[in-house]
Amino acid sequence: MNMRSLLSSVLIGAVASARSMTPMATIATARLAHRKTPGELFLLDRPMFKYGALAMGLGELAGDKMKTAPDRTVFLGLLARVMSAGIAGAALAPRGKEKAGAAVAIATAVPLAYLTLAGRKQAMAKIGQTKSGLIEDALVVAAGSAIVALSTQKPAVPAHMSYR
């Protein structure tokens, strides 16, 4: 198997390591824009899941700055990363390689969660929880958005709407 074909899945796994819901939220946003993912994705075509993913992504960005926010490496945090990375990794993998895409995304997200947590703790010690969280948010959301934008296809423009 060509690992280059799974690069988007690996990268979205890295995004999940820092923000568990961002992969799902960025793919939900792409689906709302009628962009097609390379892999089969039925779950986020359902409005409840699509809008739920967006709400959870926004909620996570807000909640991460709270003093009571748990570390991303607690059981439920890792479980959320596994689920989000797996679904997003499958969606960004080439058709027919969804299982491999899910596997590499998860294999990237879980160990990197420990590294991104260590980096965040160092940043918190230097600049505080809110500032370090906002910087991490900006980097992770930008990365997730870029990965999904580059990995999905724009909707076809009907012939009657073209500018010829």
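If you read the sequence from its start, that first residue is 1, and numbering goes on from there.
Put simply, Val74 and Leu117 are part of two different groups of oily side chains (I, L, V, M, F, W, Y) that touch within less than 4.5 Å, one to the next. Connection of Val82 to Phe49 is not established within any shared hydrophobic cluster, with ILVMFWY side chains joined at heavy-atom distances below 4.5 Å, either directly or through further cluster members. Under the 4.5 Å side-chain heavy-atom criterion for grouping Ile, Leu, Val, Met, Phe, Trp and Tyr, Met48 is connected to Met24 within one hydrophobic cluster. Linking Ile, Leu, Val, Met, Phe, Trp and Tyr residues whenever their side-chain heavy atoms come within less than 4.5 Å places Val148 and Leu7 in a single cluster.
Residues Leu61 and Val141 form a side-chain contact, since some pair of their non-hydrogen atoms from C-beta on lies under 4.5 Å apart. Taking the side chain as every heavy atom from C-beta outward, Glu136 and Arg120 approach each other to under 4.5 Å. For the pair Ile87/Ile27, no side-chain contact is recorded, criterion being any heavy-atom separation below 4.5 Å from C-beta on. Taking the side chain as every heavy atom from C-beta outward, Leu78 and Tyr114 approach each other to under 4.5 Å.
Here Ser8 contributes atom OG and Leu150 contributes atom CG; the two are 7.5 Å apart, rounded to the nearest 0.5 Å. Atom CE of Met21 and atom CE of Met56 lie 4.5 Å apart (nearest 0.5 Å).
Of all non-hydrogen atoms in Arg19 and Thr22, the two that sit nearest each other are CB-OG1, 3.1 Å. When all heavy atoms of Leu6 and Ala93 are compared, the pair lying nearest together is CD2-CB, 3.9 Å. Among all heavy-atom pairs drawn from Ser9 and Val104, the shortest one is CB-CG2, 3.7 Å. Smallest separation of non-hydrogen atoms from Leu92 and Pro38: O-CG, 3.6 Å. Closest of all the heavy-atom pairs between Ala69 and Gly63 is CB-O, 3.4 Å. The two atoms that bring Arg81 and Ser20 nearest to each other are NH1-CB, 3.5 Å, heavy atoms only.
Partner Ser145 forms a side-chain contact (heavy atoms from CB on, under 4.5 Å) with one of Thr26, Val15, Thr29, Val140 and no other, that one being Thr26. Ser132 pairs in a side-chain contact (heavy atoms from CB on, under 4.5 Å) with only one of the listed residues (Gln122, Lys121, Met124), which is Met124.
Residues passing the side chain to side chain donor-acceptor pair (under 3.5 Å) test with Glu98, sequence neighbours excluded: none. Taking the salt bridge (charged side-chain N to carboxylate O under 4.0 Å, His left out) definition, one finds that Lys36 meets it with nothing, sequence neighbours left out.
The local environment of CZ in Arg46 is sparse, with at most 12 non-hydrogen atoms from other residues, nucleotides or ligands closer than 6.0 Å.
In this structure, Arg35 contributes its side chain and Ala149 its backbone to a donor-acceptor pair below 3.5 Å.
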